[in-house]
2 protein chains.
Amino acid sequence: MSTLKGCDVTKGQASLGVRSFKAVDLSVELVPERPTKPDLRGAPFGSVFTDHMLSVQWTLAQGWEPPRITPFRNLSLHPASSGLQYAIQLYEGLKAYRGADGRLRLFRPLLNMDRMVRSAERACLPVFDQAELLECIRRLVELESEWVTESDPASLYIRPTFIGTETFLGLRRPTRALLYVVLSPGLGTYFSTGADLALWAEPKYIRAWRGGTGDVKMGGNYGGSLAPQCEALERGCQQLLWLYGDDQQITEAGTMNIFLHWTNENGVEELATPPLDGLILPGVTRQSILELAREWGVCQVTERVLPMAELLRGLQDGRVTELFGSGTASLLCPVGRVHYRGEDFLIPRQESGLSLSTRLLKKLKDIQYGRVASDWTFLV
Amino acid sequence: MSTLKGCDVTKGQASLGVRSFKAVDLSVELVPERPTKPDLRGAPFGSVFTDHMLSVQWTLAQGWEPPRITPFRNLSLHPASSGLQYAIQLYEGLKAYRGADGRLRLFRPLLNMDRMVRSAERACLPVFDQAELLECIRRLVELESEWVTESDPASLYIRPTFIGTETFLGLRRPTRALLYVVLSPGLGTYFSTGADLALWAEPKYIRAWRGGTGDVKMGGNYGGSLAPQCEALERGCQQLLWLYGDDQQITEAGTMNIFLHWTNENGVEELATPPLDGLILPGVTRQSILELAREWGVCQVTERVLPMAELLRGLQDGRVTELFGSGTASLLCPVGRVHYRGEDFLIPRQESGLSLSTRLLKKLKDIQYGRVASDWTFLV
């Protein structure tokens with residue numbers, strides 16, 4: 001076990017003596033010979049994978065098997081697997097960054113591990129010790145470290161996935177499951193447009209709802225959102241601005257959390273984001289932005305309901321400074337335009353490097369690439 | 001192509017000249033030797049599979065490949081498959097029944113094929129000609145027909161499944177997909193309790209919502225419902241009675257549609273079921289029950305919103321005759337008890353064979369097992 005020094009304290013029942021696989025039992029089967037690495041220039045995010053992967057099998061009868069690193073390969077799955085039939089599936093997304101000092105860092109990875117355990121509980125999949133999975137991932141990243149070049153924004157995207165692998169067609173708590181982790185190196189960012197995001201605000205589609213699964217990272221949240229996203233693309237927008245309820249609350253932007261920096265209706269400068277009320281995903285970047293902005297004390301920082309009408313009035317009155325999305329894949333992504341009820345609403349963009357989003361982005365990147373010391377850093 | 005005589009007329013864009021795989025291109029690879037068949041007595045629903053399966057691959061570049069019948073085997077899937085990551089997945093369920101005349105029949109199978117195409121459209125998966133898939137399934141069922149014994153309620157459960165098989169981690173319209181069909185023979189019914197169902201009516205969990213995917217058969221509808229179902233089991237109930245909205249509308253019962261037979265608040269005998277308003281699955285059994293009951297004219301037959309309070313008042317006043325679920329797996333399933341806000345509400349059960357549900361069940365089974373002629377029958 002590597003120490004977890006400097007990392008967020010883990011919470012949740014999974015760490016409290018739960019039966020888990022152990023990193024000390026990890027076996028490693030290497031590829032006989034490293035294949036030639038593809039040219040990553042021009043390769044879209046998520047299209048190239050490294051040579052090895054991590055897998056851990058679980059059965060109700062035997063519990064967790066020892067974790068294994070093997071050559072990257074296809075999964076062999078029973079056609080009745082509940083991961084394929086009933087979306088008993090969840091994933092996580094985090095990144096490894098190579099700093100100017102040559103070292104590889106993860107960013108607050110135990111927050112991802114904690115969320116993964118919460119997703120597993122909601123999906124009726126077995127839990128595990130977050131620190132054990134993190135150590136297995138660290139070993140995998142270490143093995144594949146030559147895939148990560150030093151240039152910012154190059155990174156290694158880490159995709160833990162957890163699925164039910166029943167050999168049975170009834171809908172029931174899984175008795176077989178597979179946790180696996182693949183790595184995807186990339187030079188660029190999630191959105192390839194280069195320009196600010198355009199969002200389609202359309203109340204006819206709802207991403208998630210109270211009593212559902214919007215606050216965990218289960219696959220079903222995404223499957224239902226693809227058709228709306230394709231419709232958004234047809235309308236010249238990259239993503240949806242997801243609305244909820246009779247007051248059309250702003251909840252998320254595509255697969256990102258959303259932040260509004262403005263002078264609010266009380267005349268107070270505010271950085272506002274929707275609250276963790278079960279509808280939205282508790283993003284690691286979201287949490288980090290809130291913590292940084294509160295620490296800096298530059299303006300009022302609030303988690304609250306943001307009805308669409310408030311945003312529109314703010315735009316009309318010229319009170320909006322910035323609107324931006326946040327997420328692991330895209331980090332911080334300014335919104336340039338919102339399309340709503342057939343009308344385009346342009347969002348101001350701060351030209352200088354003095355905007356709050358630019359300052360946040362710089363701080364987050366400085367931490368991720370090791371240019372400043374931080375207890376959010378986890379060294380590989 | 002077998003003729004589709006006597007079957008429901010197919011609708012939807014998929015049949016209107018869409019590019020589809022063709023049954024005439026079907027190739028068949030048989031198992032070298034048929035393995036010994038397991039004893040089906042005591043085998044739970046969905047736990048045994050026949051010797052062969054049907055698969056059809058699709059890629060954006062090449063379109064549909066020829067359909068293939070092969071020995072039943074595990075799928076080989078890329079770890080990034082969108083069916084595993086983002087629940088780009090859907091399924092169908094229908095059954096083949098062996099009649100007293102020895103012939104195998106499907107029940108209104110084009111309704112399932114039509115719904116599968118609607119699900120595919122919602123999941124951003126490619127469409128196909130419903131009649132072509134049905135003919136491929138017919139060929140598979142014919143090949144496996146010896147798995148189906150003559151006794152009612154024995155049947156062969158048919159599970160078409162359709163998943164995204166991207167080799168790419170971004171969430172986008174799939175460029176690769178796999179449609180497959182497996183068959184599971186069974187002697188019994190879906191619920192093994194033998195007694196009437198107990199349902200847990202709990203407003204804190206919501207199955208589906210307007211603007212979501214509740215009216216198509218995508219996996220995400222089921223993944224989110226498993227934890228509530230497990231909680232229902234802990235409370236001594238088999239399934240949830242799903243509620244929706246401030247007026248706690250009754251929407252579905254577990255994975256079934258729901259029917260209330262009662263004397264309504266206007267003193268009129270009524271068979272009522274929730275409407276197809278986007279929240280509930282348009283069940284084939286549901287549609288058949290509505291059509292039979294309307295044809296018989298025994299009482300008023302309505303599709304309408306049913307708030308929980310109306311059901312409770314009906315129970316209090318002794319106006320409820322029956323409450324029952326409907327679905328392919330369970331056909332018609334009487335509800336004996338509803339657990340709501342810590343209280344048990346007992347549902348009357350007609351002891352004699354004269355109840356409406358008994359009459360409906362008999363008629364449906366008579367059609368399925370070929371004891372009466374019907375244009376709902378599709379001969380294999």
Side-chain angles (χ1 to χ4, degrees), chain A residues 44-47 49 53 72-89 91 121-124 157 159 161 163 167-173 180 182 184 190 203-213 218-230 255 329, chain B residues 44-47 49 53 72-89 91 121-124 157 159 161 163 167-173 180 182 184 190 203-213 218-230 255 329:
Chain A
F45 170 86
S47 63
F49 296 89
M53 64 191 291
F72 184 96
R73 57 190 172 209
N74 273 12
L75 309 173
S76 175
L77 295 177
H78 192 280
S81 292
S82 51
L84 296 170
Q85 299 287 340
Y86 306 120
I88 307 296
Q89 59 174 243
Y91 75 91
E121 286 171 338
R122 185 66 177 84
C124 295
Y157 182 79
R159 173 58 65 99
T161 310
I163 59 173
T167 59
F168 172 76
L169 278 178
L171 176 61
R172 68 171 179 194
R173 184 182 286 275
Y180 63 94
V182 295
S184 177
Y190 189 81
K204 82 174 170 182
Y205 290 119
I206 309 287
R207 183 188 94 84
W209 71 110
R210 288 200 176 72
T213 60
M218 286 180 67
N221 295 341
Y222 301 87
S225 75
L226 183 54
Q229 187 189 310
C230 291
T255 55
Chain B
F45 170 85
S47 62
F49 297 89
M53 64 191 291
F72 184 97
R73 58 191 171 208
N74 272 13
L75 310 173
S76 175
L77 295 178
H78 193 280
S81 292
S82 51
L84 295 170
Q85 299 287 340
Y86 306 119
I88 307 296
Q89 58 174 244
Y91 74 91
E121 287 171 337
R122 185 66 178 83
C124 296
Y157 182 78
R159 173 58 65 101
T161 308
I163 58 174
T167 59
F168 172 76
L169 278 178
L171 177 61
R172 68 171 180 195
R173 185 182 283 276
Y180 63 94
V182 294
S184 177
Y190 189 80
K204 81 173 173 184
Y205 291 119
I206 309 288
R207 179 191 163 275
W209 70 109
R210 288 201 175 72
T213 59
M218 286 179 68
N221 296 342
Y222 301 87
S225 75
L226 183 54
Q229 187 189 311
C230 290
T255 55

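Order of the sequence lines fixes the chain letters, A, B, ..., with proteins taken first and strands second; residue numbering starts at 1 for each chain.
- Applying the salt bridge (charged side-chain N to carboxylate O under 4.0 Å, His left out) test to pairs two or more places apart or on separate chains, none has a residue in residues 74-84 of chain A.
- Pairing each heavy atom of B/T161 with each of A/L84, the nearest pair is CG2-O, 4.2 Å.
- Closest of all the heavy-atom pairs between B/N74 and A/S76 is ND2-OG, 3.0 Å.
- Annotation: maximal heavy-atom pairing with chain A below 4.5 Å, among B/A208, B/P228, B/G46, B/G83, occurs at B/G46.
- Listed options B/G212, B/P44, B/S47, B/P79 were ranked by heavy-atom pairs under 4.5 angstrom with chain A; first place goes to B/P79.
- Closest non-hydrogen pair, A/N221 versus A/R207, comes out as CB-NH1, 3.8 Å.
- By number of non-hydrogen pairs under 4.5 angstrom with chain A, the leading residue of B/G211, B/S184, B/A80, B/S81 is B/G211.
- Between A/Y86 and B/Y91, the two ring planes are perpendicular [angle over 60°; tilted spans 30° to 60°].
- With respect to chain A, the highest number of heavy-atom pairs below 4.5 Å among B/A123, B/G219, B/G220 belongs to B/G219.
- Using a 4.5 Å cut-off between heavy atoms, A/T167 contacts chain B through its backbone alone, with no side-chain atom that close.
- Contacts with chain A were tallied for B/M218, B/Q85, B/M53; B/Q85 has the most, counting heavy-atom pairs under 4.5 Å.
- Between chain A and the options B/R73, B/R122, B/R210, the largest number of non-hydrogen pairs under 4.5 Å is found for B/R122.
- Interface summary for chain B: among A/F49, A/W209, A/Y180, the most heavy-atom pairs under 4.5 angstrom belong to A/W209.
- With a 4.5 Å cut-off on non-hydrogen atoms, A/L226 touches chain B through its backbone and its side chain both.
- For A/Y157, the side chain to side chain donor-acceptor pair (under 3.5 Å) test picks out A/R159, with sequence neighbours left out.
- For the residue pair A/S225 and B/L171, the shortest heavy atom distance occurs at OG-CD2, 3.8 Å.
- Using a 4.5 Å cut-off between heavy atoms, B/I163 contacts chain A through its side chain alone, with no backbone atom that close.
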